[in-house]
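The next block holds one structure in the form of C-alpha cells; read it before the comments.
A, B, ... follow the sequence lines: proteins, then strands. Residue 1 opens every chain. From a predicted model like this one, the values you see are computed outputs, not experimental measurements.
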Protein chains: 2
Amino acid sequence: MIKLVYCITRRHGMTPEEFSRYWREVHGPIGRRIPGLRRLVQSHPAPHPADMSPPFDGMAELWFDDLAGLEAARRSPKWRASSADEAHFIDATRTALFLTEEHEILPQK
Amino acid sequence: MIKLVYCITRRHGMTPEEFSRYWREVHGPIGRRIPGLRRLVQSHPAPHPADMSPPFDGMAELWFDDLAGLEAARRSPKWRASSADEAHFIDATRTALFLTEEHEILPQK
C-alpha cells in the first residue's frame, strides 16, 4: 500500500475548535467516500509541551493499494468534492502533501 | 494514546537512497529503544505523480500512552541517543514536529 500524507493549517479566522470540528464532522464523511481508499486517519493537535510549537494544525493520512489506485481516485467526482470542501477549513498556501510507503519499525505493543 | 509526528528532510549531500537506508537500518533500531514507545512507523517517499513535488523526505510517527509518557521518554538517555543520531541524516532546519491525537475516519478495509 501507499500512503498520502497531508499536513494542514487551518483557514484564517477559524478557531482551533471550529477547525477540528469541521474537519472531523463535515469533511471526514466527505473524504471517506473517495473510491479506492483503504484507510483514512485524521491526526488532530494534542496539547503540546511548553517547548514545542506546532508547525501544522493537523495531518491526514490516506492509504491506497498503489499509485494506480491513487490516480484513479484523483480523477473521481468524490475526490473533487473532497478537494472543493477543503477551502472551508484549510489554508491551501500552508499545507504540505507527499506520498509515502510505511515501514513499521516497532509494531504496536 | 498520543502520536508525535516528525516531517523530516535529508541532510545536504546525502542521496535519497543513502538517507532512506540510514534512517531505516541505523536510526530505526536506535529509535525503537526509546522507553514508553508504543509504536514507531517510518513513512519513506514513494514515487510521486508528475504534478506532485514532495515538501519533505519522510515522516516518522511515534506513539506514547500520554503526554506524561512522552515527557518521561524525552528525559531518557535513549531519547538523547536517538536525537544525537539525527544529525547523521536529517537537516534539523527543515523539519516539522508536532503532537497529535488520531481519529480513524475510515478503518482499514
Side-chain angles (χ1 to χ4, degrees), chain A residues 1-7 20 23-25 27-34 36-64 66-68 70-71 74 94-109, chain B residues 1-7 20 23-25 27-34 36-64 66-68 70-71 74 94-109:
Chain A
M1 283 213 282
I2 58 171
K3 180 173 80 170
L4 191 62
V5 176
Y6 281 94
C7 297
S20 277
W23 184 21
R24 189 170 175 183
E25 296 178 9
H27 188 72
I30 296 173
R32 60 173 282 155
R33 292 198 288 264
I34 290 172
L37 189 60
R38 294 285 305 274
R39 186 176 180 226
L40 171 58
V41 172
Q42 295 179 349
S43 293
H44 290 241
H48 275 68
D51 60 340
M52 279 176 55
S53 173
F56 294 103
D57 291 317
M59 178 184 66
E61 294 162 283
L62 293 84
W63 286 258
F64 294 89
D66 48 31
L67 188 56
L70 169 61
E71 301 230 330
R74 293 176 79 198
R94 293 186 295 155
T95 67
L97 172 65
F98 53 119
L99 192 60
T100 67
E101 287 169 2
E102 289 192 332
H103 298 282
E104 189 171 49
I105 304 297
L106 180 69
Q108 186 156 342
K109 62 177 188 181
Chain B
M1 284 212 283
I2 58 172
K3 179 173 82 172
L4 190 63
V5 176
Y6 280 95
C7 297
S20 277
W23 184 20
R24 189 170 177 185
E25 296 178 7
H27 188 71
I30 295 172
R32 60 173 282 155
R33 292 197 289 264
I34 289 173
L37 188 60
R38 294 285 304 276
R39 187 178 180 225
L40 171 59
V41 172
Q42 296 179 349
S43 293
H44 290 241
H48 276 67
D51 61 339
M52 281 177 53
S53 173
F56 293 104
D57 291 316
M59 178 184 66
E61 294 163 284
L62 292 83
W63 286 258
F64 295 90
D66 49 32
L67 189 56
L70 169 61
E71 301 232 337
R74 292 176 79 197
R94 294 186 294 156
T95 68
L97 171 65
F98 53 120
L99 193 59
T100 68
E101 287 169 2
E102 289 193 332
H103 298 283
E104 189 170 51
I105 304 297
L106 180 68
Q108 186 156 340
K109 65 178 186 181

Problem - Between A:Glu71, A:Met59, A:His44, the one whose heavy-atom pairs under 4.5 Å with chain B are most numerous - result: A:His44

Completion exercise
One option among A:His103, A:Arg24, A:Arg32, A:Arg38 has the most heavy-atom pairs under 4.5 Å with chain B, and it is A:His103

Exercise for the section: Measure from NZ or CZ of B:Arg39 to the centre of the six-membered ring of B:Trp63, then state whether that distance is under 6.0 Å and the direction lies within 45° of the axis. Expected result: yes

Practice task
Against chain B, label A:Leu67 side chain, backbone, both or neither, depending on which of its atoms sit under 4.5 Å from a heavy atom there.
Solution key: side chain

Handout entry: Which atom of A:Ala96 lies closest to which atom of A:Phe56, heavy atoms considered
Key = CB-CZ, 4.0 Å

Exercise for the section: Please identify each residue that fulfils salt bridge (charged side-chain N to carboxylate O under 4.0 Å, His left out) with A:Glu61, with sequence neighbours left out. Expected result: A:Lys3, B:Lys3

Handout entry: Part of B:Asp57 within contact of chain A (heavy atom distance under 4.5 Å)
Key = neither

Handout entry: Proximity breakdown for A:Leu62 and chain B, heavy-atom pairs closer than 4.5 Å
Key = neither

Practice task
Under 4.5 Å, counting heavy-atom pairs only, tell me which of B:Ala60, B:Pro49, B:Pro107, B:Pro54 racks up the most with chain A.
Solution key: B:Pro49

Handout entry: Winner by heavy-atom pair count (cut-off under 4.5 Å) against chain B, out of A:Gly28, A:Ser43, A:Pro29
Key = A:Ser43

Fill in the blank from the handout: Highest number of heavy-atom pairs under 4.5 Å with chain A among B:Met52, B:Arg74, B:Glu101 belongs to B:Glu101

Problem - Euclidean distance, B:Ile2 CD1 relative to B:Glu102 CD, rounded to 0.5 Å - result: 11.5 Å

Practice task
State, to 0.1 Å, how close A:Lys109 and B:Leu37 come at their nearest heavy-atom pair, and which atoms those are.
Solution key: CE-O, 3.0 Å

Handout entry: Per-residue contact mode, A:Asp66 against chain B (heavy atom under 4.5 angstrom)
Key = neither

Handout entry: Contact summary for B:Cys7 and A:Phe98, nearest pair of heavy atoms
Key = SG-CZ, 4.2 Å

